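Worth knowing before you read on, the calculation uses all heavy atoms, side chains too, and leaves out hydrogens, waters and symmetry mates. All of these numbers come straight from a predicted model, not from anything done at the bench. Residue numbers count from 1 along this sequence.
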Amino acid sequence: MGAALSLYRKYRPSVFADVAGQESVTRGLLGALRSGGVSHAYLFTGPRGSGKTTTARLLAKAINCRTPMEGEPCNTCELCSMANEGRLLDIVELDAASNRGIDEIRTLREQVNFSPSLGKYKTYILDEVHMLTKDAANAFLKTLEEPPSHVVFVLATTEAHKVLATIASRCQRYDFQRIGQAAASERLTQVLVAEAIDAVAPEAIEEIVRRGDGSLRDMLGLLEQVLSLSGSPGTQSISADDVRRALGLARAEAVERLSGAMRDRDPGRLLAVLAEMHEQGIEPHAILGQLTEHQRDALAKQVAAPGHGAADAGRSIAVLARLSALAPSLKQALDPRLTLEIGLLESAHAELLSGREELLQRIESLSAAVAVLQSRPAGAPGVAPALAQEPAVPAPEPAPPRVAARPSVVPAAPPAVSQPSAPLEAVQAPGPGDPQESLAPLEQATPVDAGSDLWARVIEDLNREKPQTAAFAREGRALPPAGKKLRIVFSKIHTFHRGRLGEADHSALLRKVVKQHYGKDVTVVLEEEAGNADGVAAPTLDKDWADKAVREDKTVKLIQETFAGEIVRTE
């Protein structure tokens, strides 16, 4: 007793009208058959399961049919019967994937010279023709271009871009499309009717069509699998969830709960649903595929709804991007389950992670601005403008100045190079009733050496090219060049600025600008001051004002809300 035929073989189309979803192809071929304008070579391209080989067999049968009807084979004459049973020797099928060498092509070139045994034409169907080697393809060219008058070649491929242009140019090309949902559903329904099965719900057919991914052959195979696993199909209706269970997929309700946990950013619920699916034996790649489809459908509904929220659509797009990027890593993972769990937890915060680099840059810029603020005397002009360069920091409320009194004596000469000291400018204590005199020193309270016009111009050029680098360099003081060395010294409270200025991007820009003003041979050295040799007291920092600026920053608030954190300290 032989094995039963599979549904896709049992219900293979016997006429062009039965070919599902390829109306443009069948219409063109029928027109050529009616007019007698059959070409010597055809190239059928398209995705797998779209009907390329089936149509090639129909064409081979139709051109040999004794009594064709409007181009369609009659399926009653001797040649049609032999073709349907696979006994017609004038139809030769070759798999180019396994007959891809030059020796096989040489044999083919010899065989084409023999006349047909019964029919008018001898048809050679070469499947997956793109697998031919380059030498074999070149050897095939001459025969393909000028075959004997009784030979018709039909070349089929799923990857037309790999077929040599010299071969494609010698053929009439027909492009097969993926089987659409309507055409596929209609064909599956016809098969179920022919099998006297009426227990499959329309929703189950839609699920099978979705899983078939445009391949009618795959759809018929899935339908056969579902029917074999469902027992007696006439006793009860087969639902979409029955199809998913038969195919090792999660129920729609479970996928919806998983999507809801991601939407609500609930890691506990998300992991619980994944654990439930794992207990049911559902593979991680199947879960990811179903979840991706669900998110895609949700996005389509969002953009189609009137007045849809751009924020919701943007989040769905970010989640879809993360899910798509997760698929390749899941195939190569040593522990697919763990990889899926981590990937979905990250995808739940996709819109935040997608802007992580920008967020880190903003945090870095904010930290630099706060450091500048903390290192300056309270109430000093220029503090607010420095922070104003960072748009995320709101304008702080003015705080009362708290500047410690400093000696008003200016040293007669700058300190020796071997013993760097504090800046030359002195800050006077504000005198009662004389606010203007108290403001003047504050405006000059900067570590830039007033006697060094070159260093001042360096700061100006840095500010034009990269304000952040200028902010770090401004807290240093350039000593008079000693030979080919320019020493930039920083006080101990400006260690942060010295360290940042020494980083690659800031350091490169600083060296470039210094060489423009001091000379190409000058080497820049960043150092820390040994101490306050001039006895100037360290400035009192307005810590409360700085803390308030940080806490009210929108970026910092976003980080707090996202990660449920709190600010421990500001530095």
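- The ring of His506 has its center closer than 6.0 angstrom to the ring center of Phe472.
- For the pair Ala252 and Asp241, the tightest heavy-atom approach, listed with the atom from each and the gap, is N-OD1, 3.5 Å.
- Every residue two or more places apart in sequence or in another chain that forms a side-chain hydrogen bond (donor to acceptor under 3.5 Å, both in side chains) with Asp264 is listed here: Arg269.
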From CA spacing to verdict: salt bridge (charged side-chain N to carboxylate O under 4.0 Å, His left out), Glu460, Arg457: CA-CA 5 Å; Glu460 292 176 1; Arg457 288 199 292 268; over 6 Å; no
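- Summarising the local packing, CZ of Arg257 is surrounded by more than 12 heavy atoms from other residues, nucleotides or ligands at distances under 6.0 Å.
- What you find for Leu486 and Ala478 is that their closest heavy atoms are CD1-CB, 4.3 Å.
- One finds no salt bridge joining Asp218 and Arg211 here, because no Lys/Arg side-chain nitrogen approaches an Asp/Glu carboxylate oxygen to under 4.0 Å.
- For the side-chain hydrogen bond (donor to acceptor under 3.5 Å, both in side chains) test, residues two or more places apart in sequence or in another chain that qualify with Lys512 are Glu465.
- A distance of 5.5 Å separates CG in Leu344 from CG in Leu270, rounded to the nearest 0.5 Å.
- Gln295 and Ser259 form a side-chain donor-acceptor contact under 3.5 Å, judged by distance and modelled atom types alone.
- Salt bridge status for Arg210 with Asp297: present, with a side-chain N to carboxylate O gap under 4.0 Å.
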Worked verdict on Asp175 versus Arg173 for salt bridge (charged side-chain N to carboxylate O under 4.0 Å, His left out): CA-CA 7 Å; Asp175 289 279; Arg173 174 168 171 167; 3.0 Å; yes
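- Considering Arg244, Gln280, Met277, Glu283 in turn, Arg244 is the only one that fulfils the side-chain contact (heavy atoms from CB on, under 4.5 Å) rule with Leu249.
- We find the CG-CD distance between Leu509 and Glu503 to be 13.0 Å, quoted to the nearest 0.5 Å.
- For Ala327 against Leu288, the heavy-atom pair with the smallest separation is CA-CD2, 3.6 Å.
- Across every non-hydrogen atom of Lys515 and Val522, the tightest pair is NZ-O, 3.2 Å.
- If you check the side chains of Arg511 and Ser507, you find a donor sitting under 3.5 Å from an acceptor.
- No donor-acceptor pair under 3.5 Å is formed between the side chain of Arg498 and the backbone N or O of Val489.
- The shortest non-hydrogen separation linking Glu128 to Ala96 is O-CB, 3.2 Å.
- Contact between Trp455 and Gly476 at its shortest, heavy atoms only, is NE1-O, 3.6 Å.
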